[in-house]
Colleague: 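Shown below is the structure under consideration.
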Protein chains: 2
Amino acid sequence: MLADPTRATFCVALLDGRAWTASELARVAGVSAPTATGHLHRLVDSGLCTERRQGRHRYVQLADPETAALIESLAGHFPAAAAPTGLRASTASAALARGRTCYDHLAGRLGVAVTDAMTGRGLIDRDAGFALSDKGRDWMTAELGVDTAAWSTGRRPAAKECLDWTERRSHLAGLAGAAVCARFLEAGWIRRIGSTRAVRLTGPGAEALERLLDLDAAALE
Amino acid sequence: MLADPTRATFCVALLDGRAWTASELARVAGVSAPTATGHLHRLVDSGLCTERRQGRHRYVQLADPETAALIESLAGHFPAAAAPTGLRASTASAALARGRTCYDHLAGRLGVAVTDAMTGRGLIDRDAGFALSDKGRDWMTAELGVDTAAWSTGRRPAAKECLDWTERRSHLAGLAGAAVCARFLEAGWIRRIGSTRAVRLTGPGAEALERLLDLDAAALE
DNA sequence: GCGACACTTCGGCGGTCGCCGAACCGTCCC
DNA sequence: GGGACGGTTCGGCGACCGCCGAAGTGTCGC
């Protein structure tokens, strides 16, 4: 199911967590519309994706964060699939390596750096697994204004480990990861590059990282 | 790569963590020896498996626990692949559902029950992720005689979440999961059924579960 | 040395599946 | 209404790939 190059391309594109139309996906994968239609049917039937009809458009997105995590971990195991060729592609992939969204949280050098800084300050506890500490929970509330009390419901974990396929190291996922990413976007600390999943750190964003996590943004290049 | 039915069968068989010979794998997958050879070459080349030549035998096993976790989570996302047909197959799958090893730790109803019991007693902290608590670390040392101090080295986490594809819930993996499974096998609390990955709880094992975790073995059927 | 055995390589067969062009159906906008 | 456009269905082409049989290589045991 995910072995087909076209479907794999679709899934990687969908990793940004947004809903794509059928023709957008057809274009990035370089296939015709009929081909894309067939693949999307299979992805939806298999439960990997959900669709939403709206007018003459068909919006498709990944079914849930678990599916996104599965695809990221697959990408981590098969780095060959992500090897780009040509100048245009390699600058795009460099941007992705610097910072990007992974479904609904931060990844790339940026995501790993934030995770490391949070670990260093005792916000994430890695000694015996991968958990948000009490201190981390307080930090989320105080510094980011996140209502962590609402997290008790539902079965999605507060903190989750996600293997970064460019850095080959772990970054923060789960509710906390999603909250950090949402807050960063909302505050204008990061901004999407074009309509891709690559993100760029803004000036205020660099200041915020320095202030909140004592993180030197220059080290992120 | 993992989409091929034959290779998928190989991988599921290899999930027990042991090394299999080429002909054993060919037999369980129902293919000829030449076919198996070709598939094994590709699995080894892709880094999913490692091989060890020994005399005229070729022993193959999964490369590492991360790979095993990846395959288990794939199995969790595509339950159709595990649907058995026929009496023989369905009794075998019932045994697997009761209890089995998942690479090097416990899975199935047994694995989930142990994990739940450990969570209930505060040995595993699930509030903010999935981590072994200090209390859990002490318990491993006192009750199982595990030297948790040696865990600080290496990058494999002490506790890790692993999605159980029969129970559709999480069970304990990572160093702690491996230690529990090893200790249970060593003490004769569980025993392998034939040469499969299914395990059976023994009489002393039921007593131990009752004593250590206040877990009623009868509830596991 | 000589069989038995585990595994490998080669060649060729066959089915599956991804792909597209052409034609069709619905929605949007003028 | 009519054109433009997104999406869909159908049919057929072509390539890829998994599969096996036959023959070959190395190892083990008598």
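The sequence lines fix the lettering, A, B, ..., with proteins before strands; numbering per chain opens at 1.
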Colleague: Ignoring hydrogens and angles, answer whether the base of D:dC5 and the side-chain atoms of A:R56 contain a donor-acceptor pair closer than 3.5 Å.
Modeller: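 Flag set: donor-acceptor pair detected.
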Colleague: Would you indicate which nucleotide in D:dC20, D:dG6, D:dT9 comes nearest to any side-chain atom of A:T37?
Modeller: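 So the side chain of A:T37 is nearest to D:dT9.
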Colleague: Among A:T148, A:D147, A:L175, which one satisfies side-chain contact (heavy atoms from CB on, under 4.5 Å) with A:M140?
Modeller: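 Result: among A:T148, A:D147, A:L175, A:T148 is the only option passing the side-chain contact (heavy atoms from CB on, under 4.5 Å) with A:M140.
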Colleague: What is the distance, rounded to the nearest whole Å, between atom CZ of A:R52 and atom C1' of D:dG6?
Modeller: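 Distance, rounded to whole Å: 16 Å.
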Colleague: Just how far, in rounded Å, is P of C:dT8 from CG of B:L25?
Modeller: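 Interatomic distance, CG of B:L25 to P of C:dT8: 12 Å.
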Colleague: Counting just side-chain N and O atoms, does A:H39 come under 4.0 Å of either OP1 or OP2 of C:dC19?
Modeller: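 It does, given that an N or O in the side chain of A:H39 lies less than 4.0 Å from OP1 or OP2 of C:dC19.
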Colleague: Does D:dC19 have OP1 or OP2 under 4.0 Å away from a side-chain N or O of B:T6?
Modeller: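 So the side-chain polar atoms of B:T6 do come within 4.0 Å of the phosphate oxygens OP1 or OP2 of D:dC19, strictly under.
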Colleague: State whether a side-chain donor-acceptor pair under 3.5 Å links A:D64 with A:T67.
Modeller: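 Yes, side-chain donor-acceptor contact under 3.5 Å.
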Colleague: Between P on C:dT9 and CG on B:L40, what's the gap in Å once rounded to a whole number?
Modeller: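 Going from CG in B:L40 over to P in C:dT9 covers 12 Å.
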Colleague: Base, sugar-phosphate alone, or nothing: which one does A:A22 contact when heavy atoms must sit under 4.0 Å apart?
Modeller: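 Touches sugar-phosphate only.
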Colleague: Picking from D:dC19, C:dG18, C:dC20, which would you name as closest to the side chain of A:P34?
Modeller: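 Looking only at side-chain atoms, A:P34 lies closest to C:dC20.
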Colleague: Do we get A:R197 above A:W20's six-membered ring, with its NZ or CZ under 6.0 Å from the centre and within 45° of the axis?
Modeller: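 Judged by the rule (NZ or CZ under 6.0 Å from the ring centre, within 45° of its axis), A:R197 is not positioned above A:W20.
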Colleague: Heavy atoms under 4.0 Å, any strand shown: does A:S23 hit a base, just sugar-phosphate, or nothing?
Modeller: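 A:S23: backbone/sugar contact only, no base atoms under 4.0 Å.
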Colleague: Between C:dT8 and B:R53, is there an OP1 or OP2 to side-chain N/O distance shorter than 4.0 Å?
Modeller: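 Checking C:dT8 against B:R53, a side-chain N or O does come within under 4.0 Å of OP1 or OP2.
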Colleague: Has B:H41 got a side-chain N or O lying under 4.0 Å from the OP1 or OP2 atom of C:dC7?
Modeller: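 No, outside the criterion.
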Colleague: Measure from CZ on B:F10 to P on D:dC19 and round the result to the nearest Å.
Modeller: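 After rounding, the reported distance stands at 8 Å.
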Colleague: Using a cut-off of less than 4.0 Å, is there contact between a side-chain N or O of A:R58 and OP1 or OP2 of D:dT8?
Modeller: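 Yes, A:R58 has a side-chain N/O under 4.0 Å of OP1/OP2 on D:dT8.
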Colleague: Please determine if a side-chain N or O atom of B:R42 lies less than 4.0 Å away from the OP1 or OP2 oxygen of D:dG18.
Modeller: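 Yes, such a contact exists.
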Colleague: Counting just side-chain N and O atoms, does B:T35 come under 4.0 Å of either OP1 or OP2 of D:dC20?
Modeller: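 Answer yes for this pair, as a side-chain N or O of B:T35 is under 4.0 Å from OP1 or OP2.
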Colleague: Are B:T166 and B:R100 close enough that a side-chain donor and a side-chain acceptor fall under 3.5 Å?
Modeller: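 Yes.
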Colleague: Report the distance from atom NE2 of A:H57 to atom P of D:dC5, rounded to the nearest whole Å.
Modeller: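 For the pair A:H57 NE2 and D:dC5 P, the rounded distance is 12 Å.
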Colleague: In whole angstroms, how far is the P atom of C:dC5 from the CD atom of B:E24?
Modeller: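 Roughly 16 Å, once rounded to whole Å.
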Colleague: The criterion is ring pair (Phe, Tyr, Trp, His ring centres under 6.0 Å); which residues satisfy it with A:Y103, sequence neighbours excluded?
Modeller: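 Not a single residue meets the ring pair (Phe, Tyr, Trp, His ring centres under 6.0 Å) criterion with A:Y103.
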